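All figures in this text were calculated on a predicted structure; none of them were measured in a lab.
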Amino acid sequence: MPAGEGTDDMIAVAGRVFSKRDSGKLTFLDLVDGSAAKIQLFCELRSLGEEAFARLKEWLDIGDFIGACGTVRRTKRGELSICPHKWVMLAKALRPLPEKWHGLSDVETRYRQRYLDLIANPHVKETFVKRSRAIAAMRSFLNSEGFLEVETPMLHAIPGGAAARPFKTHHNALDLDLHLRISPELYLKRLIVGGFERIYEINRSFRNEGISTRHNPEFTMLEVYQAYADYQLMMDFTERLISHVVQTVCGLVVVPCSQIASGELDLTPPWPRRTMAEQVARFLAERGLDYHQMSEVELVAHIREAGGAVPVEITPGTILAAIFDLYDFTLIGPIFITDFPVEISPLAKRHHMDPGKTERFELFVLGRELANAFSELNDPVDQRARFEAQLRVRELGDEEAHQLDEDFLCALEHGMPPTGGLGIGIDRLVMLLNNAESIRDVLFFPLLRPRS
RNA sequence: GAGACAGUAGCUCAGUAGGUAGAGCAACGGACUUUUAAUCCGUGGGUCCCGGGUUCGAAUCCCGGCUGUCUCACCA
């Protein structure tokens, strides 16, 4: 349609008024709808009539939702517009929108009043669209591989499946102390015992700990369990799952990343696999030290000098893990770190070649742990012993050590097939997809102290 | 829990020798039938985060508190 011309077809539109340019007997409005598409309304006295035009000038504010019905016209400047013959107020805005040019940048307001952030900052909406698409891609991938989505309790009498402090709550009718779950793991394994062979759950877990750019007290996790699989197979699976999600959401397996010099992060599989002992030896070699020549005393001294936490129980395994924890944040990855010590992996099966290690891996990307997986421990006798070892650590003062779950042991005693299990932090994965440096940027409503 | 930084109009921000609190957008009144950060003329708008202190006088200096961000600690 050439500039300055129009048609006689009547069209109806609705949306929020984002801008008003008043020019006497002619007013231009920008109307925006959920698709973020903008349509200009060319409101002239001639088409609207005296009364409707006067009401428009009298009542209309930026932020109002209106409906309009009129003909299509292209203005002299070439903007495709609706020339309304009627308009109606659909919802009045009593408070003004954030300023249109600079938008809303106050971080606290952006989090507390996310709706304003979404209105004022279009890229924020895009972040959450990507989040939704990532989870949809994940579900579609899992479903196509024969996995069944399940839901397990979030209220646990004994919080288990992870090393963390829980939130406490109480059920009145049963007069029962309960905890918000710290992980769905032990319930999902009960379902494996019950005969489901491929299951997953995507939902919230809760951990009563500090808040940071990587931690929110409630966070979303994917947990996947596959009977007759082991951690090697779960590593392959993790590569396929994550690269599928990244490819689907971003169109590429190379994502923009401001945290690394090249500006982009390549997630093309396969990803390197390295045992924790190999990685620790590398970390120490980079500092001119030889892991294999160092005594236990020297290693502990190194942890202390580097400002790390010395484990409450000193063993080769806990020392190894403590040194790894000193430097794991430097792993850009993606990289799989495998074969974790048995002492810090109470739910993982012992390594078939080395009983001091477990068949476990974690995936590191940008210094953050993105996934944690293992061949599940399905030996009820060993599992009991591991729980008892955790109780000892707990008595030594480790509040986060696992608790003994007799009901879960009972399930294992009925027989659980060999199983591979995998957990992926969805929020952290979504951070990766959005080049977000804080978990708060991928949560609609991150936890903040309430305004009094 | 510790440290650093920040908080001024609805929004984005200025504002030091310590001396009556400012701009743009938004709002309100007016002009304008081709604007799109419209333009032009005019008006109103403040618990300068809160509470103390120093001072003749505090947005500004000092102390305490609140909230947030970052870093660390805790934490996968």
_Which residue lies more 5' along RNA chain B, comparing Leu447(A) with Arg165(A) via nearest heavy atoms_ = Leu447(A)

*asked:* Would Asp427(A) and Arg131(A) count as a salt bridge (Lys or Arg N to Asp or Glu O under 4.0 Å) here? Give the steps.
replied: CA-CA 8 Å; Asp427(A) 310 289; Arg131(A) 180 180 176 117; 2.9 Å; yes

*According to the interplanar angle, ranging from 0 to 90°, do the rings of Phe28(A) and Phe42(A) count as parallel (below 30°), tilted (30 to 60°) or perpendicular (above 60°)?*
perpendicular

_Using a 4.0 Å heavy-atom cut-off, does Gly103(A) contact any base of the nucleic acid, only the sugar-phosphate backbone, or nothing at all?_
sugar-phosphate

*Spacing of CD belonging to Gln390(A) relative to CZ belonging to Phe387(A), to within rounding of 0.5 Å*: 8.5 Å

*Across all strands shown, which nucleotide pairs with A4(B) by Watson-Crick or G-U wobble geometry, both distances under 3.5 Å?*
U69(B)

*Look at all strands and tell whether Asp22(A) reaches a base, only sugar-phosphate, or nothing, counting heavy atoms closer than 4.0 Å.*
base

*Rounded to whole angstroms, how far apart are CD1 on Ile211(A) and P on C70(B)?*
11 Å

*Side chains of Met431(A) and Arg368(A): closer than 4.5 Å at any heavy-atom pair?*
yes

*Tell me the partner of U55(B), counting only Watson-Crick (N1-N3 plus N6-O4 or O6-N4) or G-U wobble (N1-O2 and O6-N3) with both under 3.5 Å; none if nothing fits.*
none

*Indicate whether OP1 or OP2 belonging to A38(B) is found under 4.0 Å from a side-chain N or O atom of Ser19(A).*
yes

*Do Asp22(A) and Thr27(A) have a side chain donor and acceptor closer than 3.5 Å?*
yes

*How close or far is atom P of C74(B) from atom CD of Glu209(A), stated in whole angstroms?*
12 Å

*Think Arg110(A) has a side-chain N or O under 4.0 angstrom from the OP1 or OP2 of U69(B)?*
no

_Pairing residues for Ser258(A) by the side-chain hydrogen bond (donor to acceptor under 3.5 Å, both in side chains) criterion, not counting sequence neighbours_ = Asn435(A), Glu437(A)

_Measuring from the side chain of Lys38(A) (C-beta onward, heavy atoms only), which nucleotide among G68(B), C11(B), U36(B) has the closest atom?_
U36(B)

*Whole-Å distance between C75(B) P and Arg428(A) CZ?*
14 Å

_For the residue pair Tyr291(A) / His302(A), report whether a side-chain donor-acceptor contact shorter than 3.5 Å exists._
no

*Of Asp328(A) and Val107(A), the one whose closest RNA chain B nucleotide lies more 5'*: Val107(A)

*Quick one: label Ala120(A) by what it contacts on the DNA or RNA (base, sugar-phosphate, nothing), any heavy atom closer than 4.0 Å.*
nothing

*side-chain hydrogen bond (donor to acceptor under 3.5 Å, both in side chains) against Arg139(A), all qualifying residues, sequence neighbours excluded*: Glu149(A)

*Could you state the CD1-C1' distance from Ile119(A) to C11(B), rounded to the nearest angstrom?*
13 Å

*Take atom CZ of Phe42(A) and atom P of U33(B), then tell me their distance rounded to the nearest Å.*
11 Å

*Return the residues of residues 43-54 of chain A meeting this criterion: a heavy atom under 4.0 Å from some atom of RNA chain B. Order them by number, or give none.*
Glu44(A), Arg46(A)

*If you look at every strand shown and take non-hydrogen atoms under 4.0 Å, does Tyr111(A) touch a base, only sugar-phosphate, or nothing?*
sugar-phosphate

_Need one value for Glu400(A): base, sugar-phosphate or nothing, where a base atom within 4.0 Å counts as base even if backbone is also close, heavy atoms only._
sugar-phosphate

*asked:* Just the rounded figure in Å: distance from P of U33(B) to CD of Glu79(A).
replied: 20 Å

*asked:* As a test of understanding, state which of Tyr231(A), Phe237(A), Trp271(A) forms a ring pair (Phe, Tyr, Trp, His ring centres under 6.0 Å) with Phe336(A).
replied: Trp271(A)

*Would you say Thr75(A) reaches U33(B)'s phosphate, i.e. side-chain N/O to OP1/OP2 under 4.0 Å?*
no

*C1' atoms of G18(B) and C61(B), separation to the nearest Å*: 8 Å

*Looking at U36(B), U67(B), U33(B), which one has an atom nearest to any side-chain atom of Glu108(A)?*
U67(B)

_Ile66(A) and side chain to side chain contact (heavy atoms under 4.5 Å, CB included): which single residue from Val13(A), Val88(A), Leu31(A) fits?_
Leu31(A)

_Watson-Crick or G-U counterpart of U34(B), or none if no pair lies under 3.5 Å_ = none

*For Arg449(A) and U67(B), is the shortest distance between a side-chain N/O and OP1 or OP2 below 4.0 Å?*
yes

*When you check every protein heavy atom under 4.0 Å of nucleotides 21-28 of chain B, what one-letter string (B, S, -) results, 5' to 3'?*
---BBS-S

_Short side-chain to backbone donor-acceptor contact, Asp61(A) and Pro96(A), under 3.5 Å_ = no

_Watson-Crick or G-U wobble partner of C28(B), both distances under 3.5 Å_ = G42(B)

Can you give me the N/O atom pairs linking the protein to nucleotides 6-9 of chain B at distances under 3.5 Å, or say none if there are none?
none

*Could you please name the option among U34(B), C70(B), C11(B) that lies closest to any side-chain atom of Leu104(A)?*
C11(B)

*When rounded to the nearest Å, what value does the distance between P atoms of U34(B) and U39(B) take?*
15 Å

*Which part of the nucleic acid does Thr109(A) contact within heavy-atom distance under 4.0 Å: base, sugar-phosphate only, or nothing?*
nothing

*Give me the one residue out of Glu278(A), Glu239(A), Glu362(A) that meets salt bridge (charged side-chain N to carboxylate O under 4.0 Å, His left out) with Arg273(A).*
Glu239(A)

_Just N and O in the side chain of Ser105(A): are any of them under 4.0 Å from OP1 or OP2 of U12(B)?_
yes

*Counter-base of A21(B), judged by Watson-Crick or G-U geometry with both distances under 3.5 Å*: none

*Reckon Arg74(A) touches a base, only the sugar-phosphate, or nothing at all at heavy-atom distances under 4.0 Å?*
nothing

*Check the pair Tyr200(A), Tyr225(A) against ring pair (Phe, Tyr, Trp, His ring centres under 6.0 Å), reporting the backbone distance first and the verdict last.*
CA-CA 6 Å; Tyr200(A) 70 97; Tyr225(A) 290 84; over 10 Å; no

_side chain to side chain donor-acceptor pair (under 3.5 Å) between Ser19(A) and Arg21(A), intermediate numbers included_ = CA-CA 7 Å; Ser19(A) 173; Arg21(A) 296 177 295 281; 3.0 Å; yes

*Would you jot down, in residue-number order, the residues of residues 431-441 of chain A having a non-hydrogen atom under 4.0 Å from RNA chain B?*
Ser438(A), Arg440(A)

_Value in whole Å for how far the P atom of A31(B) lies from NZ of Lys57(A)_ = 8 Å

*Test log, rule salt bridge (Lys or Arg N to Asp or Glu O under 4.0 Å), inputs Arg240(A) and Asp236(A)*: CA-CA 6 Å; Arg240(A) 287 191 297 126; Asp236(A) 301 339; over 6 Å; no

*Does atom CD of Glu50(A) have more than 12 heavy-atom neighbours from other groups under 6.0 Å away?*
no

*salt bridge (Lys or Arg N to Asp or Glu O under 4.0 Å) between Arg181(A) and Glu201(A), intermediate numbers included*: CA-CA 13 Å; Arg181(A) 74 177 179 192; Glu201(A) 180 163 8; 3.0 Å; yes

_Separation of C75(B) C1' from Glu218(A) CD (nearest whole Å)_ = 17 Å

